[in-house]
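Note that the numbering runs from 1 along the sequence shown for the chain.
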Amino acid sequence: MSIASALGLTSGKKVRYAFVALGDITQEAMLPGVAHTGNSEVVAFVTGDPEKASGVGKQYGVTASYTYDQFDELLASGTIDAIYLATPNWRHAEFAIPALKAGIHVLAEKPLEVSTEKCRAILNVAETSPAKLMVAYRLHFEPATLATIDLIRSGKLGDLLTFSSTFTQMVSPENHRARNGVEAGPIFDMGPYPVNAARYVFGDEPTEVVSAVGVRHPNAGLGDFDDTVAVTLRFPGNRLAQFVLSYYGNTLDTYAVVGTKGSVEVNPAYMYGKPLEHTVTLGESKSHASFKNTDHFGGELKYFSDCILEDREPEPDGEEGYADVRVLEGIVQALKTGGPVALEPFTRTKRIDTKAQEETLRAQKSPALVNTSNPGKGKDKVPKN
């Protein structure tokens, strides 16, 4: 019997989710995206703020609310099939592991965790669980990203040489990310975007953190961590990836890939709330495309629910999450030592299937923006995770 049959999740059924943590990413992005899936519903919240749960619950018709201490009670309630996990990065294992042990599917925000040790602990449980684990790499379901990957795989850019990216935003000293050290800083919060992009651009895994340099601007008013970090990664085949992350700069999110026959620049590259765009240069010829704006969050949630209902393994699985944390951990080590850090050998067993992800895009109930009904929240959004 398939997992779908065992759970009573057959065609026409919806996957019942509990959303764990009601921060910005949950309220501004994932909750509005549920309406665009057709196969998912939210039936419970887990939060440390009952008042917030009540207010958000009224907005979305969710009456069941649990505290973090009541999480085991929720898992045993029989009322949910899956959780969407959006706690702070360092609390993912705390909830993913018991959920997987209970046979509850887990969609975890990125990064999967803040150390490879904690990632392995999650993966070890996932290997023996009947439940599925997916990491919320929303750009794996975004048309500009998929088109860029197809372009690169076509060979039109020739042999790839370099990847370079800048990802900056101005973070307020009052934001919780400014008060929880390196684990909430730009490396783990923003780093998954260029690291993951470099990995899917090159279709390979980095072998070394060549250098990592951190800066702390006195006027930033942030906590005990580097607010700006510049990184160089070495990939097999003499390929280099370089990127800058910052909590103290005007918003910019872009990356460029250079090959022997051409190049592509994606700008904007990581945000949600407006179309992403890319410019392709082949020899002397240049072209520009602005891609359809989609609900990244509804897309990834629909895809994960489809995987549950149809008993398929998701592409951005726990191993994909581990692959990025492996690099982020190396960056932290390089900052501490001031020298290069060799990364342990690792081979990814899956890559993005652009055709399958494009099917998910076509199947969305609505291409509408998240938060378009909420003034001020449908504009450019810098990722919170």
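- Judged by distance alone, with hydrogens and angles left aside, the side-chain atoms of D253 form no donor-acceptor pair with the main-chain N or O of N267 at under 3.5 Å.
- Side-chain contact check for L276 versus F291: every heavy-atom pair is 4.5 Å or farther apart.
- Between Y200 and Y255, the ring planes lie perpendicular to each other; the angle is over 60°, past the 30° to 60° tilted range.
- Residues Y137 and E315 have side chains that never bring a donor and an acceptor to within less than 3.5 angstrom of each other.
- Looking only at atom types and distance, the side chain of T168 has no donor-acceptor partner in the side chain of S246 under 3.5 Å away.
- Salt-bridge check for R177 with D189: passed, with a basic side-chain N closer than 4.0 Å to an acidic carboxylate O.
- In this structure the side chain of E113 never reaches within 4.5 angstrom of the side chain of N89, judged on heavy atoms.
- Using cut-offs of 30° and 60° on the angle between ring planes, the pair Y68 and F95 is tilted.
- Ring to ring, F167 and F243 are not that close: their centroids are 6.0 angstrom or more apart.
- Of all heavy-atom pairs spanning I152 and V201, the tightest one is CG2-O, 3.6 Å.
- Using modelled atom types, one finds a donor on one side chain and an acceptor on the other under 3.5 Å when comparing N196 with E320.
- Residues Q169 and T251 have side chains that never bring a donor and an acceptor to within less than 3.5 angstrom of each other.
- A centroid separation of 6.0 Å or more is found between the aromatic rings of H140 and Y303.
- Atom CG of L123 and atom CG of L133 lie 7.0 Å apart (nearest 0.5 Å).
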**Report entry** Residues R351, E205; criterion salt bridge (charged side-chain N to carboxylate O under 4.0 Å, His left out); working and verdict
**Finding:** CA-CA 11 Å; R351 296 290 173 190; E205 304 302 322; 2.8 Å; yes

The test is side chain to side chain contact (heavy atoms under 4.5 Å, CB included); show your working for N250 and M170 and say whether it passes. CA-CA 6 Å; N250 195 50; M170 190 68 74; over 6 Å; no

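- Going from atom CG of N124 over to atom CD1 of I97 covers 8.5 Å, rounded to the nearest 0.5 Å.
- The minimum heavy-atom distance linking R138 with M271 is given by the pair NH1-O, 3.7 Å.
- Taking each heavy atom of P194 and S165 in turn, the nearest pair found is CB-OG, 3.9 Å.
- Closest heavy-atom contact between V213 and L335: C-CD2, 3.7 Å.
- Residues S164 and Q242 have side chains that never bring a donor and an acceptor to within less than 3.5 angstrom of each other.
- Tested against E208 for a salt bridge (Lys or Arg N to Asp or Glu O under 4.0 Å), the candidates R326, R234, R239 yield a single pass: R234.
- Going from atom NZ of K132 over to atom CG of D317 covers 11.0 Å, rounded to the nearest 0.5 Å.
- Around atom NZ of K336, no more than 12 heavy atoms belonging to other residues, nucleotides or ligands sit under 6.0 Å away.
- Using cut-offs of 30° and 60° for the angle between ring planes, the F19 and F45 rings count as tilted.
- Ring pair Y322/F346 is tilted by interplanar angle, where 30° to 60° counts as tilted.
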Walk me through it: do T87 and E94 pass the test side chain to side chain donor-acceptor pair (under 3.5 Å)? CA-CA 10 Å; T87 59; E94 178 183 347; over 6 Å; no

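- Judged purely by distance below 3.5 Å, without hydrogens or angles, the side chains of H278 and E265 never pair a donor atom with an acceptor atom.
- Between the side chains of T254 and T166, no donor-acceptor pair of N or O atoms lies under 3.5 Å.
- At a threshold of 4.5 Å between side-chain heavy atoms, the hydrophobic network of Ile, Leu, Val, Met, Phe, Trp and Tyr places W90 and V171 in one connected group.
- In this structure, K261 contributes its side chain and K156 its backbone to no donor-acceptor pair below 3.5 Å.
- Contact check for V257 versus L160: side-chain heavy atoms found under the 4.5 Å cut-off.
- In E117, the CD atom is not crowded: 12 or fewer heavy atoms of neighbouring residues, nucleotides or ligands sit closer than 6.0 Å.
- At least one side-chain heavy atom of D72 sits under 4.5 Å from a side-chain heavy atom of P98.
- Across all non-hydrogen atoms, the minimal contact from L328 to P192 is CD1-CG, 3.9 Å.
- A distance of 4.0 Å separates CZ in R120 from OG1 in T116, rounded to the nearest 0.5 Å.
- A salt bridge is absent between R199 and D204: the closest approach of a Lys/Arg side-chain nitrogen to an acidic carboxylate oxygen does not fall below 4.0 angstrom.
- For the 3.5 Å distance criterion, the side chains of D159 and T260 fail to qualify, holding no donor opposite an acceptor.
- Aromatic ring orientation, F202 versus F163: perpendicular (interplanar angle above 60°, classes split at 30° and 60°).
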Next on the checklist: Checking R16 against D81 for the salt bridge (charged side-chain N to carboxylate O under 4.0 Å, His left out) test, could you report, in this order, the C-alpha distance in whole Å, the side-chain angles of both residues, the deciding distance, and whether it holds?
Outcome noted: CA-CA 5 Å; R16 302 168 298 171; D81 310 302; 2.8 Å; yes

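- By the 30° and 60° cut-offs, the orientation of the rings of Y17 relative to F304 is tilted.
- F225 is not connected to Y248 by any chain of hydrophobic side-chain contacts under 4.5 Å among Ile, Leu, Val, Met, Phe, Trp and Tyr, and they are in different clusters.
- Closest heavy-atom contact between L222 and A178: CD2-CB, 3.6 Å.
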